[in-house]
Number of protein chains: 2
Amino acid sequence: MVRIRKRKAVEAAVELPAELTQARRFSKTRSAQSGALLEDYVELIADLLSTGGEARPTDVARRLGVSHATAIKTISRLKREGLATGLPYRGVFLTQDGQKLAARVRARHRLVVDMLLALGVPAEAAEADAEGIEHYVSEATLKAFAQFLESRGQS
Amino acid sequence: MVRIRKRKAVEAAVELPAELTQARRFSKTRSAQSGALLEDYVELIADLLSTGGEARPTDVARRLGVSHATAIKTISRLKREGLATGLPYRGVFLTQDGQKLAARVRARHRLVVDMLLALGVPAEAAEADAEGIEHYVSEATLKAFAQFLESRGQS
DNA sequence: TGTGAACTGTAGCCATGGCTACACTTTTAC
DNA sequence: GTAAAAGTGTAGCCATGGCTACAGTTCACA
Ligand SMILES: [Mn+2]
Ligand SMILES: [Mn+2]
Ligand SMILES: [Mn+2]
Ligand SMILES: [Mn+2]
């Protein structure tokens, strides 16, 4: 006893473009997502290097809250993608590309945090939210953030 | 010929708390990430249901820009987690929990988009960025966004 | 009313990003 | 100088979220 149900009600009235636009947006978000982890690693490694002169897998793991095995696996992906280098048992370093990415990511992170703070978000929430938000902010949005901060006199 | 290198330089001077705080932030971001996909599915299904009265796997797939097999697999996860129901070949529906989640997600999505627009971000960039940002915005930040919009007269 | 088109579902592949367990290397401390 | 501790690396497990290929079901329409 299966009920019938209509399909293809109104020929969709050339509604396709909107569908495609939305699909493109989601695709873009998925791409950004796949880069997010690498960005965080590179940013953190740059931080460790500039602070203590070295970046060791265990430090990276501790700061990210993952096991050292996970950190090592991801670092090897960084190396595979040309962002990091290093010899066994000798710590991790960033390639030119890695350093360039780190600089961009760091500036973006700071801008997002500053924006949230300027809006009155409490410091810890601003830091925590920025850790996720930063990876999905386009150039256009970054520019808007910067202009807002400028118009407020905050850096 | 392997060079020696110092380790444990300064006993870390009780630097651990900061480490833990940062690790907790990253963990939180990872949790949010795992919920993001389900949120988008639920939001989209609610949209299809309220617009056309039914939500079919193929529609969902087309709007998300994934294959229908991927959509079906994720929808089955929605069902497993108590957010959706439906019989074979009969479309997808939302449970009470699913509908509640959809309402929250939809409101949040709109708020993030409105905020970006208010800052002068071009419409398409605002929509695209919001699709990612929305999943990482805490209650505190949402409140700050709402207050900003209110202070600007934009509902 | 039958049949081809459209849709739905299943199986099985891959990469990512978690984890634990275990083995190996380096550093520290005695 | 050696033994224990700390760090590093590998193997192998799991879930997620993509995909294609193929099989089964429902619908539209001639
Ligand atoms: Mn981040
Ligand atoms: Mn960051
Ligand atoms: Mn989204
Ligand atoms: Mn959304």
Side-chain angles (χ1 to χ4, degrees), chain A residues 1-12 23 26-41 44 48 52 54-81 84 86-93 135, chain B residues 1-12 23 26-41 45 48 52 54-81 84 86-93 135:
Chain A
M1 207 284 295
V2 178
R3 245 75 202 70
I4 305 277
R5 175 178 41 94
K6 70 179 184 303
R7 207 183 258 177
K8 185 181 283 201
V10 202
E11 285 293 331
F26 281 116
S27 289
K28 197 182 289 190
T29 302
R30 282 194 298 273
S31 299
Q33 189 153 178
S34 92
L37 188 72
L38 296 191
E39 291 181 350
D40 282 337
Y41 268 76
L44 174 54
L48 290 170
E54 60 178 10
R56 310 169 50 116
T58 297
D59 300 337
V60 172
R62 207 159 26 216
R63 299 272 288 258
L64 288 172
V66 298
S67 74
H68 82 277
T70 295
I72 286 173
K73 218 200 297 194
T74 305
I75 287 169
S76 79
R77 196 179 144 212
L78 251 50
K79 291 175 180 170
R80 186 163 22 104
E81 305 203 4
L87 298 173
Y89 297 94
R90 233 75 265 200
V92 194
F93 298 92
H135 309 285
Chain B
M1 207 284 295
V2 177
R3 245 75 203 70
I4 304 280
R5 174 179 42 96
K6 71 176 181 307
R7 207 182 259 175
K8 185 180 285 204
V10 202
E11 285 291 331
F26 281 116
S27 291
K28 196 182 291 191
T29 303
R30 282 194 298 273
S31 300
Q33 190 154 173
S34 90
L37 188 71
L38 297 191
E39 292 181 348
D40 282 337
Y41 268 76
I45 290 168
L48 289 170
E54 60 177 11
R56 311 167 51 108
T58 299
D59 300 338
V60 172
R62 207 159 26 217
R63 298 273 287 261
L64 288 171
V66 299
S67 73
H68 82 277
T70 296
I72 286 173
K73 217 198 302 192
T74 305
I75 287 170
S76 78
R77 196 179 145 212
L78 251 49
K79 291 176 180 168
R80 186 162 23 102
E81 305 203 4
L87 299 173
Y89 296 94
R90 232 75 270 197
V92 194
F93 298 92
H135 309 285

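Each chain gets a letter, A, B and so on, in the order the sequences are listed, and its residues count up from 1.
Applying a 4.0 Å cut-off to non-hydrogen atoms, none of the residues of residues 28-36 of chain A approaches DNA chain C. The stretch residues 66-76 of chain A touches DNA chain D through His68(A), Ala69(A), Ile72(A), Lys73(A), each having a heavy atom under 4.0 angstrom from the strand.
Listed by chain and residue number, Asp40(A), Leu64(A), Glu131(A), Gln22(B), Arg30(B) satisfy the side-chain contact (heavy atoms from CB on, under 4.5 Å) test with Phe26(B) (two or more places apart in sequence, or in another chain). Partners of Leu78(B) under the side-chain contact (heavy atoms from CB on, under 4.5 Å) rule, at least two apart in sequence or in another chain, are Leu38(B), Tyr41(B), Val42(B), Ile45(B), Leu83(B), Ala84(B). For Glu81(A), the side-chain hydrogen bond (donor to acceptor under 3.5 Å, both in side chains) partners at least two apart in sequence or on another chain are Arg77(A). With sequence neighbours left out, the salt bridge (Lys or Arg N to Asp or Glu O under 4.0 Å) criterion links Asp59(A) to Arg62(A).
The distance from atom CG of Leu37(A) to atom P of dT16(D) is 18 Å, rounded to the nearest whole Å. Put simply, CG on Asp59(B) is 14 Å from P on dA6(C), counting in whole angstrom units. A straight line from CG of Leu48(B) to P of dC7(C) spans 14 Å, rounded to a whole angstrom. Between Arg90(B) atom CZ and dG9(C) atom P there is a gap of 10 Å when expressed in whole angstrom units.
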Can you give me every donor-acceptor pair (side chain of residues 65-72 of chain B, partner residue at least two apart or in another chain, under 3.5 Å) with its distance?
from     : atom 1 : to       : atom 2 : distance (Å)
Ser67(B) : OG     : Thr70(B) : N      : 3.2
Ser67(B) : OG     : Thr70(B) : OG1    : 3.1

Worked verdict on Thr74(B) versus Leu37(B) for side-chain contact (heavy atoms from CB on, under 4.5 Å): CA-CA 9 Å; Thr74(B) 305; Leu37(B) 188 71; 3.9 Å; yes
Between protein and nucleic acid, restricted to nucleotides 23-25 of chain C and to nitrogen or oxygen atoms under 3.5 Å apart, what atom pairs and distances do you find?
from    : atom 1 : to       : atom 2 : distance (Å)
dC24(C) : O2     : Tyr89(A) : OH     : 3.4
dT25(C) : O4'    : Tyr89(A) : OH     : 3.2

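Tyr89(A) OH to Arg56(A) CZ: the interatomic distance, rounded to the nearest 0.5 Å, is 12.0 Å. Rounding to the nearest 0.5 Å gives a distance of 8.5 Å between CG of Leu87(B) and CZ of Phe93(B).
Phosphate proximity of dT8(D) to Arg56(A): present, with a side-chain N or O under 4.0 Å from OP1 or OP2.
Counting heavy atoms of neighbouring residues, nucleotides and ligands inside a 6.0 Å radius, atom NZ of Lys79(A) exceeds 12 of them.
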